[in-house]
Amino acid sequence: MTADLLAGLLPVREELAPGAVVLRGHALAAAPALLAAVAAVAAAAPFRRMVTPGGFAMSVAMTNCGTAGWVTDRRGYRYEAADPASGRPWPAMPAVFRELAGEAALAAGYPGFAPDACLVNRYEPGARLTPHQDRDERDLGHPIVSVSLGLPAIFQFGGPERRGRLRRIPLAHGDVVVWGGPSRLAFHGVLPLAADSHPATGTARINLTFRRAL
Ligand code: MD6
Ligand code: FE
């Protein structure tokens with residue numbers, strides 16, 4: 001049985017922790033339009049492996065759209081209005097992105113979410129994200145909406161302290177995680193992607209994380 005079918009047997013709404021929910025399959029209907037929009041964004045602002053402040057190239061390739069984009073380099077993590085690779089503003093956020101994000105946030109109990117930034121992550125086999133907090137946004141009162149497309153991955157989810165135990169949550173094509181309130185500063189990561197192929201994305205997993213950055 002494929003991961004997508006397995007995911008369909010799980011409850012549609014899973015409470016991860018207070019303020020954090022998984023909405024299974026919530027982005028399935030929009031997935032083709034979302035992936036077409038990802039291709040358009042990447043044509044204007046190509047995926048690239050950014051460098052951490054410690055000097056290591058990240059295994060995940062990233063790009064952004066919206067009025068602000070998340071970047072990292074030797075100087076640190078921050079939001080920038082322009083793509084450092086081109087000097088041009090990040091591509092505008094596609095309407096299908098904004099609508100899906102606002103609607104998923106509402107379904108999770110966060111009405112009025114209006115993202116100004118979407119970080120687009122591309123995982124190839126072996127790519128991973130070490131546990132971290134998302135804390136570069138100005139107002140942590142806004143939630144984050146995270147959309148998984150293509151190959152499945154294991155999401156790690158803990159508490160507000162690095163030392164805490166991490167749960168493992170499988171995320172499949174079309175799953176959406178919404179994250180805010182008392183969980184906004186929870187540590188989370190993604191385990192190394194297993195090699196496989198998916199009809200929607202080939203050998204990759206795409207993750208969209210929507211934020212209100214400014
Ligand atoms: C990913 N996601 O799923 C990486 N951050 O590829 C994140 O880092 C993330 O999924 C904050 C909230 C939800 C997330
Ligand atoms: Fe994150």
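The figures here come from the full heavy-atom set of this structure, side chains too, leaving out hydrogens, waters and symmetry mates. Atoms within each ligand, like the ligands themselves, are counted from 1 in listed order.
Residues satisfying the salt bridge (Lys or Arg N to Asp or Glu O under 4.0 Å) test with Asp134, not counting sequence neighbours, are Arg211.
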Quick one: ligand 1 N/O to protein N/O pairs below 3.5 Å?
{"unit_1": "ligand 1", "atom_1": "3 (O)", "unit_2": "Arg205", "atom_2": "NH1", "d": "3.4"}
{"unit_1": "ligand 1", "atom_1": "3 (O)", "unit_2": "Arg205", "atom_2": "NH2", "d": "3.1"}
{"unit_1": "ligand 1", "atom_1": "3 (O)", "unit_2": "Asn207", "atom_2": "ND2", "d": "3.2"}
{"unit_1": "ligand 1", "atom_1": "5 (N)", "unit_2": "Asp134", "atom_2": "OD2", "d": "2.9"}
{"unit_1": "ligand 1", "atom_1": "5 (N)", "unit_2": "His188", "atom_2": "NE2", "d": "2.7"}
{"unit_1": "ligand 1", "atom_1": "6 (O)", "unit_2": "Tyr123", "atom_2": "OH", "d": "2.5"}
{"unit_1": "ligand 1", "atom_1": "6 (O)", "unit_2": "Arg205", "atom_2": "NH1", "d": "2.8"}
{"unit_1": "ligand 1", "atom_1": "6 (O)", "unit_2": "Asn207", "atom_2": "OD1", "d": "3.4"}
{"unit_1": "ligand 1", "atom_1": "8 (O)", "unit_2": "His132", "atom_2": "NE2", "d": "3.3"}
{"unit_1": "ligand 1", "atom_1": "8 (O)", "unit_2": "His188", "atom_2": "NE2", "d": "3.2"}
{"unit_1": "ligand 1", "atom_1": "10 (O)", "unit_2": "Ser146", "atom_2": "OG", "d": "2.7"}

Working for side-chain contact (heavy atoms from CB on, under 4.5 Å), residues Trp90 and Val41: CA-CA 9 Å; Trp90 295 105; Val41 166; over 6 Å; no

Dump the intermediate steps for salt bridge (charged side-chain N to carboxylate O under 4.0 Å, His left out) on Arg138 and Asp116, then the final yes or no. CA-CA 12 Å; Arg138 184 173 296 165; Asp116 57 6; over 6 Å; no

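Within a 6.0 Å radius of CZ in Arg78, more than 12 heavy atoms belonging to other residues, nucleotides or ligands are found.
Between the side chain of Thr63 and the backbone N or O of Val120, no donor-acceptor pair lies under 3.5 Å.
One finds an angle of 90° at the Fe ion (ligand 2) between NE2 on His188 and NE2 on His132, to the nearest 10 degrees.
Take the N/O/S atoms of Asp134: the one nearest the Fe ion (ligand 2) is OD1.
Ser146 pairs with exactly one of Asn121, Asn207, Thr209 by the side chain to side chain donor-acceptor pair (under 3.5 Å) rule, that one being Asn207.
Using a 30° and 60° split on the angle between ring planes, Trp179 and Phe157 fall in the perpendicular class, above 60°.
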